[in-house]
K.L.:
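Here it is: the structure, laid out below.
Lettering follows sequence order; numbering is per chain, from 1. Note that this is a predicted model, so its numbers are computed, not measured.
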Amino acid sequence: TEDPTDSGSGTDDSSETSESPEASESPDEGGEQEWFDQAVYDEQFEQRSATFEGDPETPWLQYIDGEMTDTADYKSNKAGKACFANASISNPWRQTGWITMNQQLEALQEKGVISEMETRDAGDDDNTQIADIDYFISEGNCDAFIISPNSTAAMTDAVERACETGKPVVVFDRGVETDCATTFIHPIGGFAWGIDTAEFLIDNLEEGDKVVALRILPGVDVLEQRWAAAQKLFEENGIEAVDFFTGADPTEIKTFITDELNKGEVQGVWMDAGDGAVAAIEAFEDFGADLPVMTGEDEMSFLRKWEETGLNGLAPVYSNFQWRTPLLALEKIWAGEEVPKEWVLPQVPITEDERGDYLEANEGMPDGHYAKFGGEDLPGYPEVWQERQIP
Amino acid sequence: MSKSFFGNTVLDGLDLTLRAGEVHGLVGENGAGKSTLMKMLAGVYTPDSGTIVVGGEQVSFSHPVQAQRAGVSTVFQEFNLLLERTIAENIWLGREPRRFGRVGPVDTARMRRDTDELLAGLGVAGLKAGTLVRSLSVAEQQIVEIAKAVSFDAKVIQMDEPTAALADHEVELLYAIIRRLTDRGVAIVYVSHRLKEIFDLCQTITVLKDGQHVATRPAAELSEAELVRLMVGRPLTTYFPEKPADVSVGDVRLALSGVGNGYVDGVSLEVRAGEIVGIAGLQGSGRTELLETVFGVHPVARGSITLDGAPLKVGSPRQGVRARLAFITEDRKAKGLALNQSILDNALGVVRSVFPRRTTTARREMPGVLSGLDVAAASLGQEVQFLSGGNQQKVVLARWLSIDPLVVLMDEPTRGIDVGAKHRVYELMRELTRAGVAVLMVSSELPEVIGMSDRILVMRDGTLAGELSAGATEEAVLAMATGATSEEDAA
Amino acid sequence: MAEPTEVVRRRRAARAKGAKRLDSTALIYLVLVGVIAASVVLTAVEGRNFFSQGNVWAILTAMSVLGLIAIGQTLVILVGSLDLSVPYVVSLATVIAAGGMKGLDGNIAAATFNTLALCAAIGLVMGLLVSLLHVHGFIASLGIGLVVSGYLGTNYQGSHGAAAPDLRLLGRSGIGGWIPTAFVILLVCAVLVTLLLRYTRLGHHVYAIGGNRDVARMSGVRTALPVVSAHVLCSVLAGLAALLLLSRTGVGSPTIGSQGRYDLLSIAAVVLGGTLLAGGKGSVVGTIGGVAIFAVLDNVMGVMQVNPFLKDFVRGLVIVLAVAVYARRSVVRRPPRFGASRPVLHVPSPTGPSTKGESA
Amino acid sequence: MSATTSVTGSGGTAGRTLPLTEGSVVQRLLRGAVTPGGAVFILAAILFVAVVSANPSFGEPPQLIRFIGRTAPIAIAAMGQYYVIVSGEFDLSMGAVIATQVVIAGNYIGDDESRVLPALALMFAVGAVVGLVNGLGTTLLRVPSFIVTLGTMLALGGLVRFLTGGAATGNPVDTFREIGRGGIQDVPVLEVLPYPVIILVVIMVGGVWLMRSPFGRTIIATGDNPDAAGLAGAHVWWVKTRAFMLSSLSATVAGILLVGYAGVHPSVGAGYEFQAITAVVLGGVVLGGGRGWLLSAAAGAFALELLFSFLNFQEIESTWRPTVQGVIIILAVAAAGRAWSLGRRPTRTSPPAPPAAPPASPAPSPTTARSGTETGEI
Ligand SMILES: Nc1ncnc2c1ncn2[C@@H]1O[C@H](COP(=O)(O)OP(=O)(O)OP(=O)(O)O)[C@@H](O)[C@H]1O
Ligand SMILES: Nc1ncnc2c1ncn2[C@@H]1O[C@H](COP(=O)(O)OP(=O)(O)OP(=O)(O)O)[C@@H](O)[C@H]1O
Ligand SMILES: [Mg+2]
Ligand SMILES: [Mg+2]
């Protein structure tokens, strides 16, 4: 039996969603959902090459110039209490981010910006997260809310209720269908990922070649957007692509690829998240087939396997360092500095040339660690990440 | 009427006529088809051919309820009660009275009232409608079953071995109930292996053999010997095998002194090698628990047990088996057999779980043992659930023979099995004594206790009431069991 | 006839004495009180008030959805079956309801009706599989759950439709800011199902079939009807729970049921509530107690910011230990005749039976 | 067995010696095939033919042996689950055990070649302890196994993720992974003989031997009627506990193979318990205990995997997979319904059996044989 929750937990960064509020899927009546949205696609296409404000050394503070929120009203001199309603820490991507966030918290507590952070973890459940937010509103004595929504539409009302308290509300990762939040922090998004990866495969494959697309589970907006973009590009460029939902289970991945290889040659592998990429490569090895051209993610397991096998690959990134940004945003907000209304963080794939640097920089990190976690300057580096100390 | 299961004809062209107010005995060996006949009358099975006429009207039942509506109620061989529900809920199950006509809520008050009335009408006092059936004794449960059957306003009530689980004195209660029913004009079909009851109760007796109708006679015209001849097809002169001359009672095998726990108290007794000691007593007098205590099911809190002079410490049945005690339970189906397993697997059950290393030998010898016991089956691979009661009991016996027991504890060894099989069991008991085994037997059938035992112990209320010698009368045993004084003894 | 019954009466009287024990429902609420007491202390250590308005609201809210599902699960377990399909039924119900409402109040009635009818149909199929084809409830519901999940996975990608504004309002409303409407709905359902179990034939037959199917059948109970009804009601209650979820989330979601792990948690809550997993014994009142234990436990762990992984560990431990407490007790033992609990009442020597058995 | 012999000898009534089984080998095979436990082999064969006709290259020995290799973990898990189910219980903790073993392999072995053997010992010890806890919880605490193992599933899963911060460090050394990934190279016809296949065969042989041993028969008897087994001297608690231990140990082996096959990943093993139960049920093993064959459980696992491969080759959208799986298990169990007894009735009973037996001589039924019973009397 596949349990969508379980598989969700296994997955990586299924969490993303960049979907900006306006772009949210139009609730169409019944039937299949159309994930492709030309306007958002075009916007993200542009954002890939946009110039980011701020210091490239601290990408978690960079943003694309746009509408800013005035936060003068929130200015305060004493350390405030942050309340964090987290969706879950059920996959390596979220775990890595959660560790980074806690170290960032430590730094800010030392600086006297934040007095404490109370966290409630919804365990991947919308209903629980709504209750968590309501609890914070009524019982938390919160000076600010940080929300990492478990899902887009469902959390909208709860986020609005948080906004109604008049306290700053920071939403990150997935969005909600309201723009009441003080700032909404996220990397560029799913279409950008889809474009980066599909273009790479198209450049490295011939027309008519076959690509196996390994997807985690249906229905998660950003994962769907990644595929929507890639699928469109594959179609336009004559690449034959078959997609499977694997639940990120390496056993399933191997089975699917083996069965595909049994049917005929496969030249490329596309993944909507890098988790399980290693299993995909191993399936080719075990079958004795030529290694494919493939895209994974900046998870260490893929980078290492990529280097080891020397295959032709690309590691798209769903910037894990975004977990730092919400707390830093609070620092700015309480300092009365303006913050972007929609804080778009850079999202740059790791290419073969850069791979060595990232491997070196992250030596000793566990396989489930993400290369662009961006916590090198935080207290506790590197042990806390190496040992995966989760509070 | 005929009925066959999977090409196996178990009832063939049978006629049966019941008159109002009559108790009609139905006898026959195990597997003769008595229960099958009843189940057809009760609507559990549909006859392959034949008709049923009730009160001049031809009926056909495809469900027990149709039979009940037509006035035919049945007390089945297996208990049909829900342990977690109350007496009232059990009796009115399936036709709970409702308030406000057809759609209203269940009228629990009326259910309780009606139950009390019903029980009172049967002359039963002391059972409360709201009591959980789980907390009732077997006899009480049997009464509830009968009350349930009566509650249908039945014209015919069938009882399939209603006394199998009752002690003799409780049978009296049943007799009284049956008399009340016949006075009301109810016809009773009464199945029992206890011939005495048949003669006590029945006006007419029908004998079945191998699914065939053998005879229907007024009870008055039949003698017990004659009846047995009809059942088995030839006369049976001595019922209990003679005590063989070559058996000498040896040293004390099993000795209990002052044994007590939550169920029994201050029990002291001895069983010698080659001796059969019978334990009589009323239902609930703690006989089963005494055997269970010896076997290690219940811990011994006070007193001590010795086996062949050495202290015996058994904390579990397993240790009991290791000490080479054998325990034949009173409830074959629930506690004796794994019904879905084969004859061979069941027969080897004990050796396998306690002396696994001896399995190979036992497996080699088992077919001989089983055929020595005349187990009738197609093959040893057959599942025991398809055997008749007598054959099942033989399988149970075979499994205990395989450990070469020193002491055999038998609880109701012949409950619900026919005369032929009974006889084989008795023979086996004698053979065991010849081999120097000590036999401790609990039985609710007084003739059996009296006929087989070298000595008779009587239990009352969890304690030993006394000991009687082999020749004791049933009256003496009963008096001791009930604690009644001698002037109350009816001659 | 008087004499033999005398004996019977004596035994009855004797037995009633020793059997005075806490019944299992009382025990569950005792455990609940214990858990609450511990929670009050732990919450206070965190500098919070367990009985504050927001906390009570949070606990009662947390109870509502699982509670409704657990009531349905109680029915199914009582009748001797099991329902592992609830998460998928819940998910399906939210997308169907939200799809039907399309965010308009005017559609509420129709969408609600359609949703519950669909749930009932699913329950019907399951019930028929269990009762007529004799498929074990575990397998029937697992299979149906898989069928539905395949349908959801194929046809619904992501959130779908929108709840009507009135429904969303209901999700937020409550009595005096203390008791959410959802909880009131739960209580109403609990009372209704309790009445159903106590005062309808159907209810009696549910217990009967769970206790012993053959006995029930022999007694003229149409075994199919209660089994099917239990499954239908369970699925409908799951549909109702889905509507509550929808009132909170505002959109249908094809995974919301699995997110809540309602299958295993509801079964655990039912068993925690003292219902026999094998059926035939138990009550909705107990189940609500079981659900409350879970809710309070989750609440206090939330307040204490327990590591989410550790939460699962604690949940697992509590399920086993709590059930162990009364699983051991509910094992039937004959009341001991001797020893500590020996009945004090001892009726004077009974008279023997009026007629003695004649010797053969 | 002196008493026995003397007893039966002196009875002098020895009836005919019953045959061990009824009918010829072929008849028995046919009878076995109509039971649910036998039918699953036929189902697997049909599915195999279907898969091969959908994709002939699947039938080539090298591909086939790889398929067997990759199905080995679930087949082994199914056989482990079988012990528990046939003893009348459930084991929902399998997935959590597999996940635990995977994490142990990843975190404890790491790159350290010398830790492979200690790690194996540790993993088996952990597996045994989990089984012990499940077994004791079920038997001594008397909590239904469904609940105990559900509790273990939550507790173990939570504890492991808590201790490891949610994910393992990385894959263990290749020597360890070879167990599940490698094989004997250059085998004629097959090209490669994967180790999992060898392990599977060993476990099957061992399992069949176990089920024929006294212990194995006692497990089944215990599942059939625990009270009777207890009174026959079996220590029921220990028999069942060992069944749970066998289950957890099987999960451990499956975990070891999966670490090799799939690598360390938090979702390895997710849902394995239900997959294994499905396979066991598909194999005709009766939930509730007392009936079913070990190899049928393994065959159930193969049937399931063949079905999935068939769906892949038919290019059916993978989202429909659960639906097909659901329909199949319901159908299988509905068909199995009461078919079990069919092949094991006292008389010839393969369903279309000729009901021709003349009524007067009902086959070798107890009644006809009874005549011998009374000969000893008088
Ligand atoms: N459901 C069944 N399927 C197959 N055979 C059956 C079934 N029920 C009864 N039989 C067979 O029919 C025959 C008659 O059984 P029945 O139960 O009527 O005997 P009985 O006279 O009541 O015996 P007992 O005295 O042991 O109760 C037996 O050989 C039994 O094995
Ligand atoms: N202390 C007691 N007071 C009243 N009834 C009791 C008591 N103990 C046991 N009983 C009841 O008596 C019934 C039979 O008990 P037990 O098995 O000890 O009797 P027994 O003499 O072995 O009878 P049987 O002839 O059935 O073997 C049981 O239903 C039990 O509930
Ligand atoms: Mg009978
Ligand atoms: Mg007894």
Side-chain angles (χ1 to χ4, degrees), chain B residues 44 63-65 68 76 80-85 89 93-96 98 105-106 108 123-128 131 134-135 137 139-140 168-173 175-176 196 200 224 260-265 282 284 286 289 301 446-447 461-462 473-475 478-479 482-484 488-490, chain C residues 1-13 15-16 19 195-196 198-205 207-212 214-222 276 279-282 332-342 346 349-360:
Chain B
V44 177
H63 192 280
V65 173
Q68 283 159 353
F76 290 102
N80 272 295
L81 295 175
L82 299 165
L83 298 182
E84 299 294 347
R85 307 246 83 197
E89 283 163 344
L93 179 59
R95 58 212 160 93
E96 294 82 358
R98 292 199 264 219
V106 170
T108 45
V124 179
L127 284 184
K128 293 229 173 46
T131 314
R134 160 140 277 154
S135 64
S137 72
E140 290 164 338
D168 279 12
H169 100 280
E170 283 157 332
V171 172
E172 294 294 332
L173 179 58
Y175 282 9
K196 184 176 143 298
D200 282 353
E224 200 159 317
N261 56 21
Y263 305 101
V264 294
D265 196 27
L282 302 184
E289 273 101 341
L446 290 183
D461 242 351
T473 61
E474 291 193 24
E475 287 75 21
L478 255 175
T482 55
E488 282 182 85
D489 277 4
Chain C
M1 211 50 264
E3 295 86 343
T5 44
E6 182 61 36
V7 180
V8 171
R9 180 172 337 117
R10 182 177 66 93
R11 290 214 197 113
R12 279 243 40 74
R15 216 169 307 123
L195 291 178
L196 174 98
R198 289 233 181 113
Y199 294 108
T200 67
R201 285 197 182 182
L202 189 72
H204 282 244
H205 297 176
Y207 281 105
I209 294 166
N212 188 330
D214 292 328
V215 168
R217 214 187 41 234
M218 288 295 210
S219 306
V221 172
R222 276 178 229 285
L276 281 189
K281 189 187 175 204
V332 269
R333 274 276 167 81
R334 281 184 198 166
R337 198 192 302 257
F338 300 99
S341 55
R342 169 164 195 157
H346 210 81
S349 152
T351 43
S354 56
T355 27
K356 288 290 162 211
E358 315 291 327
S359 53

K.L.:
Rounded to the nearest 0.5 Å, how far apart are CG of N212(C) and CG of N80(B)?
P.N.:
7.5 Å
K.L.:
Using every non-hydrogen atom in the two residues, find where T200(C) and V106(B) come nearest and quote the distance to one decimal.
P.N.:
C-CG2, 3.3 Å
K.L.:
Report, as yes or no, whether the 6.0 Å neighbourhood of atom CZ on R95(B) holds more than 12 heavy atoms from other residues, nucleotides or ligands.
P.N.:
yes
K.L.:
Select, from L93(B), V65(B), V44(B), the one with the greatest count of heavy-atom pairs under 4.5 Å involving chain C.
P.N.:
L93(B)
K.L.:
Of all residues at least two apart in sequence or in a different chain, which pass the side-chain hydrogen bond (donor to acceptor under 3.5 Å, both in side chains) check with R222(C)?
P.N.:
none
K.L.:
Test of understanding: with side-chain hydrogen bond (donor to acceptor under 3.5 Å, both in side chains), list the residues that count as partners of H204(C), not counting sequence neighbours.
P.N.:
none
K.L.:
Quick one: what part of E96(B) sits under 4.5 Å from any heavy atom of chain C, side chain, backbone, both or neither?
P.N.:
both
